[in-house]
Every structure is written in C-alpha cells, then in structure tokens.
Amino acid sequence: EAGVAQSPRYKIIEKRQSVAFWCNPISGHATLYWYQQILGQGPKLLIQFQNNGVVDDSQLPKDRFSAERLKGVDSTLKIQPAKLEDSAVYLCASSLDGSRGRAPLHFGNGTRLTVT
Amino acid sequence: GNSVTQMEGPVTLSEEAFLTINCTYTATGYPSLFWYVQYPGEGLQLLLKATKADDKGSNKGFEATYRKETTSFHLEKGSVQVSDSAVYFCALRGGGYKLSFGAGTTVTVRA
C-alpha cells in the first residue's frame with residue numbers, strides 16, 4: 001500500500017513570504033490531518049478534515065495559515081505571510097476511520113520549513 | 001482533555017542494553033494507545049499499539065502493556081541495537097479527540 005505522500009521535502013523562505021505544502025493521503029482514508037512539529041517537541045495538530053469538511057481547526061493560526069481539501073482527497077496547507085516561528089516540520093497524516101475513531105494515524109515524511 | 005507525559009531524554013545506551021521509556025496518560029473513556037518512532041530525517045512511523053486495558057503491543061522487539069490502573073504505557077526493549085537510535089513518541093487517541101503526543105524521547109545507542 002502506498003503511504004502518505006508530501007511535497008516538497010524541504011523549503012527555505014524569507015519571513016513575510018508565502019509557502020504551500022501538498023499532501024496526498026493513503027487511498028480510501030477519510031480523515032486527513034496536518035501537524036506542526038517544532039524541533040524538540042511533539043507534533044501539534046493544526047487542522048483535521050473528514051472527507052472535505054473541517055472537523056477541528058482550533059489550533060490553526062487562521063490569520064496566516066489556511067488549508068483545504070478539495071474533493072476529499074489531496075490537501076494543501078498554506079502560510080501567508082510566514083514568520084520566523086513557523087520554522088518547523090509540517091506533517092500530514094491520514095486514518096481510515098472517522099474523526100471519532102481510535103485507529104492509528106499514518107504519517108508522511110513531512111516538509112521541513114525554514115524561515116529566515 | 002487528553003494528555004500524555006513521557007520520560008524526558010535524551011537517553012544514551014550501549015548496544016544490547018535494556019531500554020525503558022516511561023509514558024503515562026490522562027484521558028476520558030477508553031483511549032487507544034500508541035508508540036510512534038521517528039528515525040533521523042524521516043516521518044513518524046507507528047511502532048506498536050494497544051486498544052484496551054491489559055493489551056500488549058509488540059513490534060521489532062519492543063513491547064508496551066496498556067495499564068489502566070496506573071494509566072501507563074511504558075515502552076521496553078530487552079536488547080537495543082544501534083539501529084534503534086531514534087525519537088520515540090507516546091500517543092493516545094479516543095473519545096472523539098485528536099491524536100495527542102508526548103514531547104518525545106531521544107534515544108541514542110552506542111556500538
């Protein structure tokens with residue numbers, strides 16, 4: 001089974017620029033997640049989709065971050081404008097069950113963002 | 001809400017040593033518990049899981065038992081290898097809540 005695909009692997013931008021990340025979940029997985037992992041910390045959920053609807057975006061800084069999941073498959077996460085503190089690894093994950101399930105999440109390799 | 005507390009690192013061991021990483025949790029209901037591993041430069045991989053009390057998850061020589069009475073899910077391996085060097089995350093999910101992670105424990109195994 002193909003895993004969760006993310007691109008790009010690395011991105012370096014200057015502060016105040018914009019950036020976008022792309023994620024393709026495992027085929028058939030209804031729920032998709034974006035996590036932010038700052039160096040030395042555990043991943044923090046930014047947004048959770050079930051199909052193409054948002055289930056939880058309580059931790060998403062909505063003044064600069066946005067995400068969409070068109071047609072309930074691929075997803076993009078955008079930051080505009082970026083700040084230095086946005087430097088982190090952005091992880092996409094998917095799970096087979098719905099938002100109230102207890103199944104494990106499957107993660108992509110992440111996009112490492114450096115904001116200078 | 002749900003939360004996970006795991007042993008802080010870093011942990012440095014010699015090859016063939018015994019490894020234990022403590023993990024305790026706070027949760028409503030009956031969550032599923034997980035250990036994820038992150039090797040250098042890679043994403044998170046599911047190492048093992050347990051879905052109910054007294055379940056034992058195991059994989060690649062690692063084991064963890066879901067202890068509801070002590071709200072714990074400690075990770076153990078009897079004889080570590082250099083290839084086990086990674087960051088280990090304890091996590092839980094259940095009751096309609098998102099997957100919540102501990103802060104991670106960095107393990108380095110020396111030859």
Side-chain angles (χ1 to χ4, degrees), chain A residues 1-10 21 23-26 29 31-50 54-60 88-114, chain B residues 1-11 21 23-25 27-53 55 57 59 64 66 73 86-107:
Chain A
E1 151 183 281
V4 176
Q6 288 188 248
S7 67
R9 277 304 301 273
Y10 306 94
F21 313 126
C23 172
N24 180 245
I26 293 173
H29 280 197
T31 311
L32 184 147
Y33 313 77
W34 284 102
Y35 279 81
Q36 180 192 57
Q37 186 179 16
I38 292 172
L39 186 65
Q41 300 180 17
K44 180 186 82 172
L45 180 70
L46 291 175
I47 188 167
Q48 177 179 339
F49 293 93
Q50 183 162 356
V54 175
V55 173
D56 182 354
D57 63 356
S58 58
Q59 302 267 52
L60 188 74
V89 177
Y90 291 85
L91 296 166
C92 180
S94 68
S95 66
L96 185 61
D97 59 357
S99 60
R100 300 189 72 81
R102 301 194 297 158
L105 274 60
H106 300 267
F107 285 84
N109 284 333
T111 296
R112 182 177 297 278
L113 173 68
T114 302
Chain B
N2 296 342
S3 66
V4 176
T5 302
Q6 68 179 96
M7 185 176 84
E8 292 188 16
V11 174
I21 304 176
C23 172
T24 57
Y25 67 90
T28 55
Y30 302 93
S32 292
L33 301 174
F34 310 93
W35 277 99
Y36 281 83
V37 60
Q38 189 171 35
Y39 298 104
E42 298 185 15
L44 288 160
Q45 299 177 25
L46 178 65
L47 181 60
L48 53 84
K49 66 177 181 178
T51 58
K52 61 183 186 296
D55 266 4
N59 186 27
Y66 189 148
F73 192 55
V87 182
Y88 293 82
F89 293 92
C90 186
L92 70 81
R93 185 182 184 210
Y97 294 100
K98 60 184 179 285
L99 184 66
S100 299
F101 287 90
T105 302
T106 300
V107 174

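To find a chain, count down the sequence lines: A is the first, B the second, and so on, and within it residues start at 1. The figures here come from the full heavy-atom set of this structure, side chains too, leaving out hydrogens, waters and symmetry mates.
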*Side chain, backbone, both or neither: which part of B:L44 has a heavy atom under 4.5 Å from chain A?*
both
*Please flag which part of B:Q38 lies under 4.5 Å from any non-hydrogen atom of chain A: side chain, backbone, both or neither.*
side chain
_Minimum-distance pair of heavy atoms, taken over all atoms of B:F89 and A:Q41_ = CE2-O, 4.0 Å
*Looking only at heavy atoms, which two atoms of B:L46 and A:P104 are closest? And how far apart?*
CD2-CB, 3.6 Å
*Around B:E42, counting heavy atoms of other residues, nucleotides and ligands shown, do more than 12 lie under 6.0 Å from its CD?*
yes
_Most chain B-contacting option - heavy-atom pairs closer than 4.5 Å, from A:K44, A:Q37, A:Q6, A:R9_ = A:Q37
*Are any side-chain N or O atoms of B:Y36 and backbone N or O atoms of A:L105, one a donor and one an acceptor, separated by less than 3.5 Å?*
yes
